[in-house]
Amino acid sequence: MEEKIRVGLIGAGRAGMIHARNMACRVQGAQVVCVSDAEESNARSAAQEFGCEYAADYRTLLERSDIDAVIIAVPTKYHRRIVVEAAGYKKHIFCEKPMAMNVRECEDMIRAAEQNHVILQIGFMRRFDESFRRAKEIVETGSIGEVVMVKSLTHGPSTPHEWMYDIAKSNGPLAEVNSHDIDTLRWLTGAEVLSVYALAGNFRCGKVREDYPDFYDSVLMSVRMDNGMIGCIDGAQGVEYGYDARVDIMGTKGLITIGDLKGKSTITYTKSGGFQGDVVKSWMDLFSEAYIREDQSFIQSILENRAPDVSGWDGMMAVDVVRAGNESIRTGNIVWLNGKQGKG
Ligand SMILES: NC(=O)c1ccc[n+]([C@@H]2O[C@H](COP(=O)([O-])OP(=O)(O)OC[C@H]3O[C@@H](n4cnc5c(N)ncnc54)[C@H](O)[C@@H]3O)[C@@H](O)[C@H]2O)c1
């Protein structure tokens with residue numbers, strides 16, 4: 001009989017339900033056995049969907065000996081505590097991005113996973129997207145020569161949640177939106193970030209300007225990698241026009257582009273000279289296949305007893321770049337990273 005990894009979900013919100021649905025129906029070798037959410041009604045309705053048990057307190061889930069692995073998809077400020085406790089219960093861990101609030105928390109999480117010999121994978125699903133993987137393969141063939149510049153853009157349609165306005169508590173859009181772009185730059189250049197310079201502004205969320213003067217809804221960050229390559233990260237929230245995720249990879253002999261706001265669109269042209277088509281609405285649609293492959297890869301790494309495809313080190317490096325970016329916005333200076341470059 002096929003061996004199944006028994007999965008528990010902690011946090012049955014937007015991201016958590018994507019993973020749990022994948023684990024229940026689309027991922028080979030996995031089954032969902034329990035769901036936990038601080039809002040008991042969320043946990044109950046998710047459990048009904050999966051025909052499994054539920055708990056309001058995540059510790060009840062962690063104490064169960066019939067759970068091999070957990071998906072942690074609660075707000076970022078709780079990641080450290082729950083990951084460290086889950087590792088103590090010897091559960092393999094998939095933790096959503098951003099990994100944590102700061103590097104110290106990430107170090108605690110990595111140490112807990114190592115000491116308890118469990119897998120810790122961080123949720124950078126773009127690495128599993130077909131177009132991103134293809135781009136990485138093309139880079140590795142050398143057909144665009146040496147990569148010299150990577151520009152990665154993410155614009156989200158919706159206005160930020162209330163808790164995001166306080167940058168000290170949320171780390172802002174650089175964390176919530178652009179963690180993916182930071183990881184993309186590291187992954188595609190094979191290098192670590194050496195220094196950043198970021199400019200930001202609040203152009204759409206005028207009503208919170210007085211209460212949260214530090215909040216920004218738009219950011220541009222120039223990046224120097226430790227191998228000399230350069231990059232640019234462009235982020236925005238509340239853009240309304242759609243979900244926009246694009247990358248340009250410029251090499252000495254060519255260019256690769258990833259993504260298109262039109263998605264798999266049908267475009268209609270009319271006599272009046274206008275044209276109309278579809279726009280990608282949400283990350284859930286754009287990356288639905290990537291989430292399935294990401295979840296499959298997590299289960300596979302447990303079954304094969306191998307390192308995960310995206311590690312705690314990858315999560316921690318992105319958190320450190322977010323810190324540097326926010327410091328640059330605050331001070332107006334170029335910020336150098338703390339000699340943390342190197343491979344983990
Ligand atoms: N990889 C991605 O593209 C992606 C996309 C969206 C969100 N995320 C990340 O996933 C995490 C969750 O975000 P979301 O958008 O799903 O949030 P959400 O608000 O939709 O869901 C979070 C859920 O966690 C529950 N919760 C809160 N505290 C809890 C606790 N202590 N124990 C158990 N449950 C608790 C809430 O009741 C809620 O149901 C965040 O870190 C976010 O950055 C990643």
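- Side-chain atoms of Q276 and T270 include no donor-acceptor pair closer than 3.5 Å.
- Using modelled atom types and a 3.5 Å distance limit, the side chains of H155 and Q237 yield no donor-acceptor pair.
- Exactly one residue among K91, R59, R80, K90 makes a salt bridge (Lys or Arg N to Asp or Glu O under 4.0 Å) with E85. That residue is R59.
- Salt bridge present: D183 and R186 bring a charged side-chain N and a carboxylate O closer than 4.0 Å.
- The number of heavy-atom neighbours closer than 6.0 Å to CD of E146, taken from other residues, nucleotides and ligands shown, is 12 or below.
- There is a side-chain donor-acceptor pair under 3.5 Å between Y58 and R81.
- Side chains of I329 and N326 form a contact here, defined as non-hydrogen atoms less than 4.5 Å apart.
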Practice task
Would you check, one step at a time, whether the test side chain to side chain donor-acceptor pair (under 3.5 Å) holds for D129 with Y291?
Solution key: CA-CA 8 Å; D129 179 85; Y291 286 112; over 6 Å; no

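- Within 6.0 Å of the OH atom in Y241, the count of heavy atoms belonging to other residues, nucleotides or ligands exceeds 12.
- The 12-atom threshold is exceeded at CZ of R209, counting heavy atoms of other residues, nucleotides or ligands nearer than 6.0 Å.
- M101 and V103 sit in two unconnected hydrophobic clusters of ILVMFWY residues. Membership requires side-chain heavy atoms under 4.5 Å apart, directly or through other members.
- Residues W313 and F128 share a single hydrophobic cluster, defined by chaining ILVMFWY side chains whose heavy atoms lie under 4.5 Å apart.
- Between F132 and T184 there is a side-chain heavy-atom pair separated by less than 4.5 Å.
- Ring orientation note: the planes of H180 and F124 are nearly perpendicular, at an angle over 60° on the 30°/60° scale.
- Grouping the Ile, Leu, Val, Met, Phe, Trp and Tyr side chains by contacts below 4.5 angstrom, directly or via other members, places L153 apart from I258.
- Residues H79 and M99 form no side-chain contact, since every pair of their non-hydrogen atoms from C-beta on lies 4.5 Å or further apart.
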Exercise for the section: Report the C-alpha distance between D248 and R246 in whole Å, list the side-chain angles of each, state the deciding distance to 0.1 Å, and finish with yes or no for salt bridge (charged side-chain N to carboxylate O under 4.0 Å, His left out). Expected result: CA-CA 7 Å; D248 284 352; R246 287 174 275 146; over 6 Å; no

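- Taking all atoms of both residues into account, the shortest heavy-atom contact from A43 to Y54 is O-CB, 3.6 Å.
- Under a cut-off of 6.0 angstrom, the local environment of CD1 in I334 is sparse, with at most 12 non-hydrogen atoms contributed by other residues, nucleotides or ligands.
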Problem - Trace of the side chain to side chain donor-acceptor pair (under 3.5 Å) decision for H19 with E96 - result: CA-CA 10 Å; H19 295 298; E96 261 305 344; 2.7 Å; yes

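- Of the N and O atoms on the side chains of N202 and Y165, not one donor lies less than 3.5 Å from an acceptor on the other residue.
- In this structure, a donor-acceptor pair under 3.5 Å is present between the side chains of D314 and S311.
- Taking 4.0 Å as the cut-off between side-chain N and carboxylate O, E53 and R64 count as a salt-bridged pair.
- Side chains of R204 and S218: a donor on one and an acceptor on the other come within 3.5 Å.
- Looking at V150 and M229, their side chains never come closer than 4.5 Å, going by heavy atoms from C-beta outward.
- For the pair I18 and N22, the minimum side-chain heavy-atom distance is below 4.5 Å.
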Practice task
Would you please test R323 and E327 for salt bridge (charged side-chain N to carboxylate O under 4.0 Å, His left out) and show each step?
Solution key: CA-CA 6 Å; R323 174 202 59 79; E327 187 181 326; 3.1 Å; yes

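- Summarising the local packing, CG of D211 is surrounded by more than 12 heavy atoms from other residues, nucleotides or ligands at distances under 6.0 Å.
- With a 4.5 Å cut-off between side-chain heavy atoms of Ile, Leu, Val, Met, Phe, Trp and Tyr, the cluster of V35 takes in I5, V7, L9, M17, M23, V27, V32, F50, I71, F94, I119, F298, I299, I302, L303.
- In this structure, S179 and K97 have side chains that are in contact, with non-hydrogen atoms separated by less than 4.5 Å.
- Partner R293 forms a side chain to side chain contact (heavy atoms under 4.5 Å, CB included) with one of R127, E130, Q300 and no other, that one being E130.
- Counting only heavy atoms from C-beta outward, the side chains of Y197 and V223 never approach each other to under 4.5 Å.
- Residues D309 and S297 share a closest heavy-atom pair of OD2-OG, 2.9 Å.
- Residues L255 and I144 fail the side-chain proximity criterion, which asks for heavy atoms closer than 4.5 Å.
- In the hydrophobic clustering of this structure, I110 groups with M317; members are Ile, Leu, Val, Met, Phe, Trp, Tyr whose side-chain heavy atoms approach within less than 4.5 Å, directly or through other members.
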Practice task
Show your reasoning for whether side chain to side chain donor-acceptor pair (under 3.5 Å) applies to E176 and T76.
Solution key: CA-CA 9 Å; E176 284 303 317; T76 310; 3.3 Å; yes

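- A donor atom on one side chain and an acceptor atom on the other are found under 3.5 Å apart for T154 and D181.
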Exercise for the section: May I have the step-by-step check of salt bridge (charged side-chain N to carboxylate O under 4.0 Å, His left out) for K136 and E140, ending in yes or no? Expected result: CA-CA 6 Å; K136 171 89 168 155; E140 282 165 1; 3.5 Å; yes

